[in-house]
Number of protein chains: 4
Amino acid sequence: MSSRPVARPTRRGAATRERIIEAATEVFARRGVHGTRVADIAERAGVAYGLVYHHFRNKEEILSAIFAERWAQYVAYLEEVAGMPLSFRERMARLVHFWVETYRVETDLMTVMINEITRSYEFLESHDITAVLVAFDPIERIIAEGRESGQVRATVDARLATYAVLGVAEMVLTGYVIGSLPRSDQGAYARDEAQLLALLLDGLSASPS
Amino acid sequence: MSSRPVARPTRRGAATRERIIEAATEVFARRGVHGTRVADIAERAGVAYGLVYHHFRNKEEILSAIFAERWAQYVAYLEEVAGMPLSFRERMARLVHFWVETYRVETDLMTVMINEITRSYEFLESHDITAVLVAFDPIERIIAEGRESGQVRATVDARLATYAVLGVAEMVLTGYVIGSLPRSDQGAYARDEAQLLALLLDGLSASPS
Amino acid sequence: MSSRPVARPTRRGAATRERIIEAATEVFARRGVHGTRVADIAERAGVAYGLVYHHFRNKEEILSAIFAERWAQYVAYLEEVAGMPLSFRERMARLVHFWVETYRVETDLMTVMINEITRSYEFLESHDITAVLVAFDPIERIIAEGRESGQVRATVDARLATYAVLGVAEMVLTGYVIGSLPRSDQGAYARDEAQLLALLLDGLSASPS
Amino acid sequence: MSSRPVARPTRRGAATRERIIEAATEVFARRGVHGTRVADIAERAGVAYGLVYHHFRNKEEILSAIFAERWAQYVAYLEEVAGMPLSFRERMARLVHFWVETYRVETDLMTVMINEITRSYEFLESHDITAVLVAFDPIERIIAEGRESGQVRATVDARLATYAVLGVAEMVLTGYVIGSLPRSDQGAYARDEAQLLALLLDGLSASPS
DNA sequence: GATGAATGAGTCTTCATTCAT
DNA sequence: GATGAATGAAGACTCATTCAT
């Protein structure tokens, strides 16, 4: 019908919008987008549910907003690492630390990004999948450059390896979230980082084959 | 009330039940459990939706059935590999081949198991999470045994490594499903298997650190 | 999403559908389509409102069904009159009688057809206006033929006259509905018919100009 | 509570109020009162929707204002014609010209008056129907006087004839609005006026019966 | 066993209206 | 006066589930 701008020019409006996004991130992480009612989001945000529709056209648009505003930051960091004048090992160390650290600090956001964005047919179908996959690019670049500089084995398929690296990160973080990989002290995370780095760089074998 | 027999051991009944499970696997894979209507499953199975309730108490029970009947097979194979008198390398090769092969052949089933069982708060909350995590055990055992026999680096944390291994498998298979890792010819899968095996065993680095 | 056929193969289903249409006709006549809640229709039909959606995709589709199933009958009668080997005067008498009689007997249906179909921008925009205007054709034909046979003044614009004739019918019937033209006894309707026929044939003037 | 002044007699205030009324007339004509949102009116008027409530207590009050301010003018003209020392024929000519002309110039206003005032149960129920029907009076008077002076057939029922006259006017104008009676040049309207006048005065028949 | 009509709780979404700024 | 953020009642629509046939 008519095109409501789905407002937000004022400071208060922007703040409310932000609160809704944060609330949505929390509940999406717990119950998934499908399992979340708009009323849950509103309640968590402490606003009337009608207000959600003042800021977003519908539930999916909130997810899109989370994606639009957070994914770019995520990719930006990956790109930053890819652009640093560091050794391949150093770069991987940064990435591993970043993943572990981010998951610890922004668990809900990472959960949503993984489950509702990266994994969701629904999301991927209604959005430009390219926008999601740009996160893979800097990592592929890091690996490809490492290969060119001789730091990565020459036979490595950079693209496939990228999936492997991201898979490792995702599953371990999922273990944290689900609680099947419980980590109570700070040191545990540091040890995990070392472990993961070693795994990614040197694999499991005691001696190269 | 809740003592309706639900499933019947008739020949036809069993076949219908199986068709419903297969249909559910397909649509669950496409739209997720939440996004799937019982009518979708019935339509896909070519039966009236009311009939679904002759065989299953409700929608979730279909998912539970998929889990109960398929997960056990999956774990059984992992256990079989863990019990084979093979080298660590050989065992890992079997696993990698199994994952790639299974995903190729039973894409929907793997998708459902990953997205709706392994990842789902809902499922994990209403079921014994232990039943899910048993799939991790044989792999952890393979790694631990490999470490004991000196085939795996002594410093490897078997549990964390298990997550890493499964993460690699899952993400690559997700790439297949989403189509972002397109593989048209048979050889591509074989090459991927070799790549993944090398990555898991030897890591990315050109030289061990 | 998936295309629910919006059922009705069984006898009971068809009967229910019919009851819903009749109930909708009543409430649409009283409150208009916009002012009617699906729950009102269901209540009037004595069914759960969910059932309405078993038979119709939405509220508008009920109106479309009323139109589709009733308008054709209405036009069919007009066509019948147009096809009768009668004088112009006789034909007009039949039409006037038909309008008055139908309105008396099927007040709600006529009200809905006039207010929600003939007059509604919403309806006319979402349907083929031609399907509505076919009701004008037989009348225009009657007038044109009357003109050719010398029974209607040669200067009459058949199309414009058709609008005038239908306007007379509609407004008088509206007066009946609104109650501003109260008619309690049978004779009143008969007198009105005579009046209207005289008006349409001879106009208001005491002497032709 | 309900004693908010609502309207303010400031210069700017009055202008805004007028703009809102004009905007409302336009959108009411397109979508009907029910189908119109206050936000639509405000948007069309180029003001914030909250401002509408500075001038009107609610949406219906805008319609009431349209009625109050325009209907009186309309009736006033009819009364003026009824009071003119003219022949019946002349008076009818004035009326027909007025209707055609007004509809041409103020299409939206006429549409709203016909559909949302004259026809609306809602409106007629919440207002004094008498206030609406006063528009019928001068016409009835014109006809009655014509009859007394011998210019109108003695057998004519003035009240019924009034409905017929207004029905003719309304339907033809509806044809203009809907576009099913397209009139591109000025002459067409003039010809229609002549046609309608002849129809009303002399009817369709070639010879009086 | 099989069908699909029927039910109604659960949600999404709209939008009139209020009110702080 | 003017704005648009905020509220929440109202209603449309979906769909899991029951049950008569």
Side-chain angles (χ1 to χ4, degrees), chain A residues 1-2 4-5 7-17 34 36-40 42 46-60, chain B residues 4 8 10-13 15-17 34-42 46-60, chain C residues 1-2 4-5 7-17 34-40 42 46-60, chain D residues 4 8 10-13 15-17 34-42 47-60:
Chain A
M1 298 280 144
S2 86
R4 205 172 6 124
R8 128 195 61 133
T10 59
R11 329 91 247 250
R12 179 144 70 122
T16 302
R17 184 192 150 88
H34 265 300
T36 296
R37 294 168 303 178
V38 173
D40 294 333
V47 300
Y49 56 83
L51 188 54
V52 172
Y53 291 92
H54 215 284
H55 293 278
F56 302 93
R57 208 172 307 283
N58 54 45
K59 198 165 64 165
E60 270 64 41
Chain B
R4 190 155 37 98
R8 244 63 59 93
T10 330
R11 319 105 239 141
R12 181 144 66 131
T16 303
R17 182 191 151 89
H34 263 299
T36 296
R37 295 169 299 184
V38 172
D40 294 333
I41 301 172
V47 300
Y49 55 83
L51 187 54
V52 172
Y53 290 89
H54 272 273
H55 294 279
F56 302 93
R57 208 175 310 283
N58 54 45
K59 193 166 68 164
E60 270 64 42
Chain C
M1 300 280 146
S2 85
R4 205 170 6 122
R8 128 197 61 136
T10 59
R11 329 92 248 249
R12 179 144 69 121
T16 302
R17 184 192 149 87
H34 265 300
T36 296
R37 293 169 303 178
V38 173
D40 294 333
V47 300
Y49 57 83
L51 188 54
V52 173
Y53 291 93
H54 216 283
H55 294 277
F56 302 93
R57 210 174 305 287
N58 54 46
K59 199 167 62 167
E60 270 65 41
Chain D
R4 191 154 35 99
R8 244 64 60 93
T10 329
R11 319 102 242 143
R12 182 144 67 129
T16 303
R17 183 191 150 89
H34 263 299
T36 296
R37 295 169 298 186
V38 172
D40 294 333
I41 301 171
V47 301
Y49 55 84
L51 187 54
V52 172
Y53 290 89
H54 272 273
H55 295 278
F56 302 93
R57 208 175 310 285
N58 54 45
K59 194 167 67 164
E60 270 65 42

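In the text below, chain A, chain B and the rest are named by the order of the sequence lines, each starting its count at 1. When reading the values below, keep in mind they use all heavy atoms of this one structure, side chains included, and skip hydrogens, waters and symmetry mates.
Between the CD atom of Glu60(A) and the C1' atom of dT13(E) there is a distance of 13 Å, rounded to whole Å. Protein atom NE2 of His34(B) is 18 Å distant from nucleotide atom P of dT14(F), rounded to whole Å. If you measure from atom CG of Leu51(D) to atom P of dA5(F), you get 16 Å, rounded to the nearest angstrom. Atom pair Phe56(B):CZ and dG1(E):C1' shows a separation of 15 Å (rounding to whole Å applied).
The 5' end of DNA chain E is approached more closely, in terms of each residue's nearest nucleotide, by Val47(C) than by the other of Tyr49(D) and Val47(C). The nearest heavy atom of DNA chain F to Gly35(B) and to Gly50(A) marks one nucleotide each, and the one closer to the 5' end goes with Gly50(A). Take the nearest nucleotide of DNA chain E for Asn58(D) and for Gly46(C): the residue whose nucleotide is more 5' is Gly46(C).
Considering only side-chain N and O atoms, Thr16(D) lies under 4.0 angstrom from the phosphate OP1 or OP2 of dA2(F). Under 4.0 angstrom from either OP1 or OP2 of dC13(F) there lies at least one side-chain N or O belonging to Tyr53(C). For His54(C), no side-chain nitrogen or oxygen approaches OP1 or OP2 of dA6(E) to under 4.0 Å.
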**Message:** Test side chain to side chain contact (heavy atoms under 4.5 Å, CB included) on Asp40(A) and Tyr49(A); report intermediate values, then the result.
**Reply:** CA-CA 8 Å; Asp40(A) 294 333; Tyr49(A) 56 83; over 6 Å; no
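Nearest nucleotide to the side chain of Arg37(A), out of dC12(E), dA6(E), dT18(F): dC12(E). Of all nucleotides listed (dA16(E), dT7(F), dA12(F)), dT7(F) comes nearest to the side chain of Ala48(A).
The two residues Lys59(D) and His34(D) come nearest to each other via the heavy atoms NZ-O, 3.9 Å.
In this structure dT21(E) sits in a base pair with dA2(F), meeting the Watson-Crick or G-U test at under 3.5 Å.
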